Number of protein chains: 2
Amino acid sequence: MTEIDNDVDADVVSTWRELSARHAAIVSDLERELQDHHDLGVSEFEVLDRLVEGVCLSPGGKFRVQELAAGVSLSQSALSRLIARLEKSGFVVRSMCADDRRGVFVNLTDAGRVRHSEALPTQRRVLRAHLGTTPA
Amino acid sequence: MTEIDNDVDADVVSTWRELSARHAAIVSDLERELQDHHDLGVSEFEVLDRLVEGVCLSPGGKFRVQELAAGVSLSQSALSRLIARLEKSGFVVRSMCADDRRGVFVNLTDAGRVRHSEALPTQRRVLRAHLGTTPA
DNA sequence: ACGCATTATTTGCTTGTGCATTGAATGCAT
DNA sequence: ATGCATTCAATGCACAAGCAAATAATGCGT
């Protein structure tokens, strides 16, 4: 443990604390705003967001659960239940995929698309507030 | 919604995603390492860390619960239970404070100090791995 | 065709978290 | 002193998350 190590550690630790505090503040704001205005949790919104994004790429709008897992930092089980919640709310539907019947397709419904498009401006607003408008 | 707004949003969103992913990765690693090697959760470690830090500043080593709350991003109730857990593990003790008997002092025990000093190198190692060694 | 390791998803269980409420102590106004 | 709003911490409750086990479908070697 040299003096240099101490300096490096101090630097790394303060970076970590800043990162951590910033993340917590943003998540907290997002959670409140999305919940109050659109009855959506942060994770729920994120999954809808990925689905909408994906639809642009492959207009079928279908996703295997595991494809969603990459991109959202949630365990498989958490994602499974989250999708179940979204389905109960009518924002997605699950369907078997024919070629590999272990897999489950998740597709966005019209209601899901609508809810996402309503919530999107709210999310953007909160993110801008925290991460700066940084105008070009 | 102008084109510039779109650009700003895209920028802000990608910043947010990076921040978010980075945070999740670090927390996940920290959780695993601290749990496996020292039987401590990330939040537990953070509270011990604040207590140790504070001891340096005011050698009495006593803290009101609310003083800890600032600095750890947890709700008051979560913090209350976390402290109860630490107390059960023998890392802190709670005591009434004489001047304002609503307040509760939390002080670190020797066992708490030891556990923290054991876990500290692990935390630093994980943080360095993620946030770079950035040697001066 | 049959067993067996592997992959995809779900479910049981336990735990940590937040919100709202409660219980206790304080300060202030009357 | 008494009442009342306020503050600190703890608790009841509901819910989301992770881990490990269960379930189901594949693919491969024989």
Side-chain angles (χ1 to χ4, degrees), chain A residues 20 23-36 39-48 62-89 91-107, chain B residues 20 23-36 39-48 62-89 91-107:
Chain A
S20 196
H23 179 266
I26 297 176
V27 167
S28 165
D29 266 24
L30 274 179
E31 195 73 57
R32 186 170 30 69
E33 295 291 307
L34 289 174
Q35 196 61 252
D36 288 357
D39 196 37
L40 281 177
V42 172
S43 299
E44 276 90 344
F45 175 82
E46 241 166 76
V47 168
L48 288 184
K62 299 188 168 192
F63 286 86
R64 303 269 301 265
V65 172
Q66 60 170 357
E67 293 177 301
L68 286 174
V72 196
S73 19
L74 279 179
S75 68
Q76 249 191 352
S77 64
L79 187 55
S80 177
R81 287 183 232 262
L82 175 42
I83 291 169
R85 261 175 278 149
L86 289 176
E87 186 171 42
K88 196 155 70 172
S89 302
F91 299 144
V92 303
V93 288
R94 279 189 279 200
S95 54
M96 293 296 150
C97 49
D99 51 329
D100 181 350
R101 286 161 59 192
R102 289 170 302 184
V104 171
F105 276 139
V106 181
N107 25 347
Chain B
S20 197
H23 180 266
I26 297 176
V27 168
S28 165
D29 266 25
L30 274 179
E31 194 74 57
R32 187 169 30 68
E33 296 291 307
L34 289 174
Q35 197 61 253
D36 288 357
D39 196 36
L40 282 177
V42 172
S43 300
E44 276 91 345
F45 176 82
E46 241 165 76
V47 168
L48 288 183
K62 298 187 168 194
F63 286 85
R64 303 269 301 264
V65 172
Q66 60 170 359
E67 293 177 299
L68 285 173
V72 196
S73 19
L74 278 179
S75 70
Q76 185 262 320
S77 65
L79 187 55
S80 177
R81 288 184 232 261
L82 175 42
I83 291 169
R85 261 175 278 149
L86 288 176
E87 187 171 41
K88 196 156 68 173
S89 303
F91 299 144
V92 304
V93 289
R94 281 187 278 200
S95 54
M96 294 295 150
C97 48
D99 53 327
D100 182 349
R101 287 162 59 193
R102 291 169 300 186
V104 170
F105 277 139
V106 181
N107 20 354

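Worth saying up front: this structure is predicted, and the values here are computed from it rather than measured. Residue numbers start from 1 in every chain, and the chains themselves are labelled A, B, ... in the order their sequence lines are given, proteins ahead of strands.
The structure places CG of B:L34 at 10.5 Å from OG of B:S43, a figure rounded to the nearest 0.5 Å. Residue A:L40 holds its CG atom at 13.0 Å from CD of A:E33, rounded to the nearest 0.5 Å. With rounding to the nearest 0.5 Å, the separation of NE2 in A:H23 from CG in A:L30 is 9.0 Å.
Of the listed residues (A:L79, A:I83, A:V47), just one forms a side chain to side chain contact (heavy atoms under 4.5 Å, CB included) with A:V106, and that residue is A:I83.
Here B:S43 reaches the OP1 or OP2 of C:dT17: one of its side-chain N or O atoms lies under 4.0 Å away.
Side-chain to base pairing of B:R101 with C:dG23: no donor and acceptor N or O lie closer than 3.5 Å to each other.
Following rounding to the nearest Å, A:Q35 (CD) and C:dT17 (C1') show an atom-to-atom distance of 14 Å. With rounding to whole Å, A:R81 atom CZ is found 13 Å from C:dT14 atom P. Between the CD atom of A:E31 and the P atom of D:dA16 there is a distance of 10 Å, rounded to whole Å. Atom CD in A:E87 sits about 11 Å away from atom P in C:dT11, given to the nearest Å. Between B:L79 atom CG and C:dG16 atom P there is a gap of 14 Å when expressed in whole angstrom units. For the pair A:D39 CG and D:dC15 P, the interatomic distance rounds to 12 Å; values are reported in whole Å. For the pair B:L82 CG and D:dA10 P, the interatomic distance rounds to 11 Å; values are reported in whole Å. Counting to the nearest Å, the P atom of C:dT15 and the CG atom of B:L74 are 18 Å from each other.
The shortest side-chain heavy-atom distance between B:D100 and B:R64 falls under the 4.5 Å cut-off. Looking at heavy atoms from C-beta onward, A:F105 lies out of side-chain contact with A:M96 at the 4.5 angstrom threshold.
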Contact letters for nucleotides 4-9 of chain C, in which S counts primed atoms plus P, OP1 and OP2 and B counts the base, heavy atoms under 4.0 Å
---BSB
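Heavy atoms of A:R85 sit under 4.0 angstrom from primed sugar atoms or phosphate atoms, though from no base atom.
A donor-acceptor contact shorter than 3.5 Å links the side chain of A:S89 to the backbone of A:R85.
Heavy-atom nearest nucleotides on DNA chain D were determined for B:I83 and for A:S77, and the one closer to the 5' end corresponds to B:I83.
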